[in-house]
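In what follows, every chain begins at residue 1, and chains take the letters A, B, ... in the order their sequences are listed. Since the model is a prediction, treat every value here as computed from it, not as a measurement.
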Amino acid sequence: MGALNLQEWNKLPISLAELCINTTLRCGQSFRWRKSEEGVWSMALHGRIIRLYQDPDNLYYRSTFPTTEIARPISSTTNASSLQDDTLPLLQHYLNLGPNLTDLYAHWSANDANFKRKAPKFTGIRILKQDAWEALVGFICSSNNNIIRISQMVDKLCRTYGPLLGRIDDHDYYDFPKPADLANSGVEQKLRELGFGYRAKYIYKTACMIAEKDDDWLDGLRNPESPAFGKDPVPGGAFVDEGREGYRLAHEELLALQGVGPKVADCVCLMGLGWGEAVPVDTHVWQIAQRDYKFGKSKHTSVTKATYDAVANKFRSLWGQEAGWAQSVLFTANLKAFSERLVAKTEVKEEIAIKEDPDAVKIEEDESAEAETIIKTDKVLVKGIKREADDKDQMLVETKHNVIRKSKRAKKA
DNA sequence: GTCGGGCCTCTGGG
DNA sequence: ACCCAGAGGCCCG
């Protein structure tokens, strides 16, 4: 942490088991957070620049408003501090700090031995309550893509079409552009020049469709139990394996947008509209379903609609109301960027001992009574995570390769 | 309803 | 060197 001075920061006591921003902010749900060399996460959010830092006992946070906002006349009934004071409730909302995460993990583990085995190294993951429009655009970008490139694309989008909020430590912060900002002719061409590929047309068309509708159309699809920041929750109905009526309606409405298929619609439902039962079934989750939950006997390699629904329903029946949240934990555990944790001794420190005797690294027992898999362990050289500028050294780690056995029950045959 | 083929771009691994 | 599969898929015929 070095020269980082936390004197001027606000402090919120919270454990790493209840929130781990280092995992939550880079596991592929939000594509806009940036991490400094000091370990400070920062992003433009709700018209201000938010900075976050976490140690084992506290979350530290601070807001920086644009100069015009700070210079705004203060009414006689409003003191200076109340201008910034909504940062805490804003963060509590955005980081979704309401639920007790330890209890949730226990609940998901109770019916699921696989979750119980995988989750302990991926604690503190929360589903962010992101702006629905931002989530929509981000996940339209995600098709046939990887998290690093998606983040670069979203950054270009904000830099080109979003309002500049300020500059901190030689870094400019732009807020996310509005639908109307992307609904102009020439946007598709510009996005193609910026490297969006075939997604340029999807974003332009979807922006046009949203801009045509009422301003509150997208938020009208929200889970009433999880309203937008500043509004009061209303009961949203009883849970069912297929998902509640409101969720299915929201999903269907989103499918009408360009570049939005079932997976992207579920991402928006889960991370932008507050529908906890939305389970996005992507290539990773499909792999997980085949490897650990006995899916895959069907002949098609790609996920058909029927298979998609079957996988999502299976996970909803297994994990319940917040199935999408549980899915995200397993998704993160399956990401290559986090694969070092599968064999790392400790999860708190970023650095893995580079010169450590590889033979001293413990091999985890990962056999599952349920999963029909064979585990092979290999020693390989992998590069450090690209986005961490201070982590370029090559690390000697071990990875496991799972080989799917296709036979239905005859393990020994 | 289902199935291929094509799609922008970048990267790690054969 | 070179190619190709894969990356949090979707659209079209």
Exercise. Quick one: Asp282(A) CG to dG6(C) C1', roughly how many Å, whole number?
Worked result: 13 Å
Exercise. Contact class for Leu257(A) vs. all strands (heavy atom < 4.0 Å): base, sugar-phosphate, or nothing?
Worked result: sugar-phosphate
Exercise. Taking the nucleotide of DNA chain B with the closest heavy atom to each, which residue, Lys336(A) or Gly195(A), is nearer the 5' end?
Worked result: Gly195(A)
For this session: Measure from the ring center of Phe31(A) to the ring center of Phe139(A) and say whether it is less than 6.0 Å.
Result: yes
For this session: Using only heavy-atom distances, decide whether a donor-acceptor pair under 3.5 angstrom links the side-chain of Tyr198(A) to the base of dG9(C).
Result: yes
For this session: Mind calculating the distance between CH2 (Trp286(A)) and P (dG6(C)) to the nearest angstrom?
Result: 15 Å
Problem set entry | Sugar-phosphate, base or nothing in reach of Arg199(A), heavy atoms under 4.0 Å | base
Problem set entry | N-O pairing of Lys205(A) and Glu188(A) below 4.0 Å | no
For this session: Just call it for Val281(A): base, sugar-phosphate, or nothing, with non-hydrogen atoms closer than 4.0 Å on any strand.
Result: nothing
Exercise. Gln287(A) side chain N/O closer than 4.0 Å to the phosphate oxygens (OP1, OP2) of dA7(C)?
Worked result: yes
Exercise. For the pair made of CD in Gln258(A) and C1' in dC7(B), what is the distance, rounded to whole Å?
Worked result: 14 Å
For this session: Starting at atom CD1 of Ile203(A), determine the distance to atom P of dC10(C), rounded to an integer number of angstrom.
Result: 14 Å
Exercise. Salt-bridged, Lys118(A) to Asp292(A), with N to O below 4.0 Å?
Worked result: yes
For this session: Let me know the distance between CG of Asn146(A) and C1' of dT11(B), rounded to the nearest Å.
Result: 8 Å
Problem set entry | salt bridge (charged side-chain N to carboxylate O under 4.0 Å, His left out) partners of residues 131-152 of chain A, not counting sequence neighbours, each pair once | Arg32(A)-Glu134(A)
Seminar exercise, completed: The nucleotide from dC10(C), dT2(B), dA7(C) with an atom nearest the side chain of Asn144(A) is dA7(C)
Seminar exercise, completed: Between CD1 of Ile150(A) and P of dC8(B) the distance, given in whole Å, is 17 Å
Problem set entry | Rounded C1' spacing from dC3(B) to dG8(C) in Å | 23 Å
Exercise. For the side chain of Arg222(A) and the backbone of Asp219(A), is there at least one donor-acceptor N/O pair under 3.5 Å apart?
Worked result: no
Exercise. With pairs taken as Watson-Crick or G-U wobble and both distances under 3.5 angstrom, which stems of at least three consecutive pairs involve DNA chain B?
Worked result: B:3-7 with C:9-13, B:9-14 with C:2-7
Exercise. Does His171(A) have its ring centroid less than 6.0 Å away from the ring centroid of Tyr173(A)?
Worked result: yes
Exercise. Atom CG of Leu335(A) to atom C1' of dG6(C): distance rounded to whole Å?
Worked result: 14 Å
Exercise. Would you say the side-chain atoms of Asn223(A) pair up with the backbone N or O of Trp275(A), donor to acceptor, closer than 3.5 Å?
Worked result: no
Exercise. If you look at every strand shown and take non-hydrogen atoms under 4.0 Å, does Gln327(A) touch a base, only sugar-phosphate, or nothing?
Worked result: base
Exercise. Cys27(A) or Leu255(A): which one's nearest nucleotide on DNA chain C is closer to the 5' end?
Worked result: Cys27(A)
Problem set entry | P-based separation of dG1(B) from dG9(C) [nearest Å] | 24 Å
Exercise. For dA7(C), does either OP1 or OP2 sit under 4.0 Å from a side-chain N or O belonging to Arg149(A)?
Worked result: no
Exercise. Does the side chain of Thr283(A) get closer than 4.0 angstrom to OP1 or OP2 of dA7(C) through an N or O atom?
Worked result: yes
Exercise. Are Arg167(A) and Asp172(A) within salt-bridge range, i.e. N to O under 4.0 Å?
Worked result: yes
Exercise. Checking all strands, does Gly259(A) fall into the base, sugar-phosphate, or nothing category for heavy-atom contacts under 4.0 angstrom?
Worked result: sugar-phosphate
Problem set entry | Rounded distance in Å - CG (Leu136(A)) to P (dC10(C)) | 12 Å
